[in-house]
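Below, read A as the first sequence line, B as the second, and so on, with proteins coming before strands; counting in each chain starts at 1. The basis for the numbers below is simple: all heavy atoms, side chains too, and nothing from hydrogens, waters or symmetry mates.
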2 protein chains.
Amino acid sequence: MIKTIDGATAGRRELKRRQTRERIEEAAMSLFLERGFDATTVEEIAERAEVSKRSFFDYFPSKEEVVFAWQDGFADHLMAAIASRPADEPAVKTVQHGLVSAIVSAADERAMALGELIRSTPALKARDQLKYAKLELKLTEALKARSRSDEERLRVRLLAAVVIGALRAGGELWNEQPPGTSLETFAHRFFGDFWKTLADFGYEGQDL
Amino acid sequence: MIKTIDGATAGRRELKRRQTRERIEEAAMSLFLERGFDATTVEEIAERAEVSKRSFFDYFPSKEEVVFAWQDGFADHLMAAIASRPADEPAVKTVQHGLVSAIVSAADERAMALGELIRSTPALKARDQLKYAKLELKLTEALKARSRSDEERLRVRLLAAVVIGALRAGGELWNEQPPGTSLETFAHRFFGDFWKTLADFGYEGQDL
DNA sequence: AGGATTTTTGCATCGAGTGCAAGTTTTTAC
DNA sequence: GTAAAAACTTGCACTCGATGCAAAAATCCT
């Protein structure tokens, strides 16, 4: 039995398994980007990854999941970032920092191409939206864990909903931004505007 | 050629077509609710609706679409409700009234069962989230049409995002409500809390 | 009625996804 | 080091959703 640096067991078995998984991911992504999601068959992916079609489904439950597997990283990063903030920090601040941190670390060349692929494939669009819902759920849980009163827990559910909404709207806005803009700067500026606008909405809604 | 009250042409052809569509919808829904979405095959639906499997796909592009077809009504109602409000009313107020009106008119026995079906079927969950995204888009467009300045148009995008977030969170909360609660009362109370909470968030975010 | 048009159907086909049993590789225990 | 146990891979057969196409049936128009 071989031990890795981080203490996880990694016999030949697990090692090979991880490599195979990566090979499949690699093969799938390159094919998707070459000819599109729908025009790529699982058999072609399996062939390029040098496994059988049947084994593909041993690693990924469906063709779609290959696209979204790596995106779990975003949620994980966000959770970690939130957990690392002081416990007495206001939730609003915690969330903004967590999100900006996760966004900046997730936005690379690959992510952009992926985004384009998703946007241009109806079947993936639906699955993509589900990701936001899952993220919202996780965010709610993470924030609930930090809150003390029951009242705070209700607020936190709304905060998650609102902030994920902002994430989507912000993403759209970012795509319309001239190239060369700094993502971090944009994100901070966007949130600044966002809280201000929220205050306005809240104020306007008071007398209803 | 036969003319109907509303002036739309309705020869035997169109009439029969509408009837068939309804029969398929009826057949599909009853089967979905009886044995679940996945356990129902298109062939069974076609059989109960007395059409061929091939014809099913002439009326609906996919099995999933049967579930979501009727839900277009919600968006339409919302658009109409928004259009009917005075043009100089603040957007926040317009949106709240529109949503409450659409919610109340859409929430019947059937809708509840549908909701449960969707919640318990992973494949439908994803498609359901897409509906929110589409609704957000439509809402944004409807509000943009009412706004005059460019600045207002940006605000309106955020308002749509935030308010659809509230719709989802509110829906969840409603499902946890004791039975017998008035939906309209609940909705108005919820929005009241919502704007207040929004104001808090906005205030807390200012000093970032 | 009867020719033109639209709808419905059957059939063949593709691709995603699953269950199963047989074959292969890695691990573990002696 | 070897052999049994456990985990992994593969091929095969099959189900089901979805699409294209051409023949057949229903409807429309004059």
What's the CZ-P distance between B:Phe56 and C:dT7, to the nearest Å?
-> 18 Å

Does a side-chain N or O from B:Arg17 land closer than 4.0 Å to OP1 or OP2 of C:dT8, or not?
-> yes

Over how many whole Å does the gap from B:Phe60 atom CZ to D:dG17 atom P extend?
-> 15 Å

Exceeds 12 heavy-atom contacts within 6.0 angstrom, atom CD of B:Glu43 | no

Atom pair distance, as rounded to whole Å: NZ in B:Lys63 and P in D:dC16 | 9 Å

Neighbour count >12 (heavy atoms, 6.0 Å) for atom CD, A:Glu34 = yes

Spacing between A:Gln19 atom CD and C:dT26 atom P, to the nearest angstrom | 11 Å

Which nucleotide in the list D:dT10, C:dG10, D:dA26 gets nearest to the side chain of A:Val51?
-> D:dT10

Please give, in whole Å, the distance from C:dG15 C1' to A:Phe32 CZ?
-> 13 Å

Less than 3.5 Å between a donor and an acceptor, one on the side chain of A:Lys53 and one on the base of C:dG17, is that the case here?
-> yes

Taking D:dT27, D:dT9, C:dT26 as options, the one with an atom nearest any side-chain atom of A:Asp58 is D:dT9

Go through the steps to decide whether A:Glu152 and A:Arg146 satisfy the test salt bridge (Lys or Arg N to Asp or Glu O under 4.0 Å), and finish with yes or no.
-> CA-CA 10 Å; A:Glu152 177 75 1; A:Arg146 293 168 59 88; over 6 Å; no

Can you tell me if CD on B:Glu47 sees more than 12 non-hydrogen neighbours from other groups inside 6.0 Å?
-> no

Please report, rounded to the nearest Å, how far the C1' atom of D:dC8 is from the CG atom of A:Leu15.
-> 14 Å

In whole angstroms, how far is the P atom of C:dT7 from the NZ atom of B:Lys16?
-> 11 Å

Side-chain donor/acceptor contact of A:Arg54 with base of C:dG19 under 3.5 Å | yes

Does the side chain of A:Tyr59 get closer than 4.0 angstrom to OP1 or OP2 of D:dC8 through an N or O atom?
-> no

To the nearest angstrom, how far is A:Phe57 atom CZ from C:dC20 atom C1'?
-> 16 Å

Using only side-chain N and O atoms of B:Ser55, determine if any of them is under 4.0 Å from OP1 or OP2 of C:dT8.
-> no

Please say whether more than 12 non-hydrogen atoms of neighbouring residues, nucleotides or ligands are located less than 6.0 Å from CZ in B:Arg189.
-> no

